[in-house]
Amino acid sequence: MTSDARIDPPHVGGERDTLRAFLDYHRATLAMKCQGLSDEELRQQSMPPSTLSLLGLVRHMAEVERAWFRRVFEDNDAPMVWSDTIDFQAAYDASASTRHEAFTAWEAEVENSRRVERNAGSLDRTGYQPRWGEEVSLRMVMVHVLLEYGRHNGHADFLREGVDGTVGA
């Protein structure tokens with residue numbers, strides 16, 4: 001990794017600003033873990049039987065962003081990016097993927113998620129989570145997606161270490 005351009009979340013701030021900043025920090029962390037790697041290196045899998053790769057994580061997080069922002073607050077029937085059957089595991093297969101393909105999809109979903117959050121009048125705004133069959137608040141969605149990034153960025157540390165021997169933030 002060549003540089004760390006992440007913006008630290010505020011140490012003091014309102015709930016919404018803090019959640020937004022932590023989400024953006026973790027989004028930037030995933031991008032940083034992929035920085036400077038070729039498509040081949042991004043597709044490098046962890047040890048068997050896992051097929052997890054950094055590119056697979058980027059693809060998976062595009063699905064997570066879509067499922068929790070677009071499908072909950074805009075279009076419950078919006079198709080997933082890489083699966084016709086709402087199979088989150090399909091995104092992990094990055095064997096034929098490229099940085100351009102994965103990052104273009106992920107960045108588009110992140111921008112849509114940011115727009116949905118900005119346009120919501122309150123963290124109490126609710127949307128319908130089709131997988132659960134119930135209403136969820138924007139607050140819950142932001143916390144859930146933040147936890148997804150935190151978990152997967154932990155995986156990204158090990159994947160990046162396997163590619164070039166670095167361990168990062």
Side-chain angles (χ1 to χ4, degrees), residues 19-20 22-35 37-120 123-160 162-163:
L19 286 171
R20 180 186 294 147
F22 267 99
L23 259 175
D24 282 341
Y25 182 85
H26 277 280
R27 289 165 173 151
T29 297
L30 181 58
M32 185 180 75
K33 298 295 178 187
C34 298
Q35 189 176 24
L37 299 178
S38 68
D39 285 358
E40 181 180 328
E41 290 168 322
L42 288 168
R43 285 190 295 266
Q44 187 174 318
Q45 297 175 353
S46 64
M47 67 174 44
S50 176
T51 59
L52 193 58
S53 68
L54 285 166
L55 209 52
L57 283 178
V58 171
R59 288 167 47 106
H60 175 71
M61 292 312 297
E63 296 287 30
V64 167
E65 294 270 0
R66 179 173 283 203
W68 284 99
F69 286 94
R70 186 182 305 266
R71 287 179 52 88
V72 167
F73 296 107
E74 294 183 325
D75 179 2
N76 295 148
D77 297 319
M80 299 304 286
V81 183
W82 288 282
S83 169
D84 296 331
T85 61
I86 316 299
D87 176 7
F88 283 83
Q89 301 303 310
Y92 286 128
D93 180 7
S95 58
S97 186
T98 65
R99 171 190 292 275
H100 178 75
E101 176 240 10
F103 272 84
T104 297
W106 177 61
E107 289 165 356
E109 292 305 322
V110 166
E111 284 309 310
N112 186 69
S113 298
R114 286 179 177 139
R115 182 188 53 75
V116 166
E117 183 272 321
R118 277 191 316 269
N119 291 341
L123 291 175
D124 294 325
R125 177 184 176 194
T126 61
Y128 181 76
Q129 177 29 281
R131 290 182 72 206
W132 293 357
E134 63 185 66
E135 295 288 314
V136 295
S137 70
L138 177 58
R139 176 183 295 101
M140 183 270 160
V141 167
M142 290 178 77
V143 169
H144 180 82
V145 173
L146 178 59
L147 292 172
E148 285 278 332
Y149 273 103
R151 182 166 55 102
H152 291 305
N153 281 338
H155 297 140
D157 279 337
F158 292 107
L159 290 164
R160 180 67 191 230
V163 171

Shortest non-hydrogen contact from K33 to L54? O-CD1, 3.8 Å
For residues 67-77, pull every pair meeting salt bridge (charged side-chain N to carboxylate O under 4.0 Å, His left out), keeping only residues two or more places apart or in separate chains. R70-E109, E74-R115
What residues form a ring-ring contact (aromatic ring centres under 6.0 Å, His included) with Y92, not counting sequence neighbours? H60
Residue pair L55 / D39, side-chain heavy-atom distance below 4.5 Å: no
Heavy atoms of A94 and G56 approach each other most closely as CB-N, 3.7 Å
Contacts of F73 that satisfy ring-ring contact (aromatic ring centres under 6.0 Å, His included) - sequence neighbours left out: none
Residue list, salt bridge (charged side-chain N to carboxylate O under 4.0 Å, His left out) with D93, at least two apart or on another chain: none
Residues passing the side-chain contact (heavy atoms from CB on, under 4.5 Å) test with T104, sequence neighbours excluded, are H100
Residue set satisfying salt bridge (charged side-chain N to carboxylate O under 4.0 Å, His left out) with R139, at least two apart, ordered chain then number -> E15, D124
Here the pair of heavy atoms bringing E63 nearest to W82 is OE2-N, 2.7 Å
W106: partners by ring-ring contact (aromatic ring centres under 6.0 Å, His included), with sequence neighbours left out: F103
Counterpart residues, salt bridge (charged side-chain N to carboxylate O under 4.0 Å, His left out), relative to E135 (two or more places apart): none
Residues which pass salt bridge (charged side-chain N to carboxylate O under 4.0 Å, His left out) with R131, listed by chain and number, not counting sequence neighbours: none
Residues forming a side chain to side chain donor-acceptor pair (under 3.5 Å) with S137, sequence neighbours excluded: none
Which pairs, with at least one residue in residues 44-60 and sequence neighbours excluded, count as a salt bridge (charged side-chain N to carboxylate O under 4.0 Å, His left out)? R59-E101
Under the rule for side chain to side chain donor-acceptor pair (under 3.5 Å), what residues qualify as partners of E65, not counting sequence neighbours? R27, S113, Y149
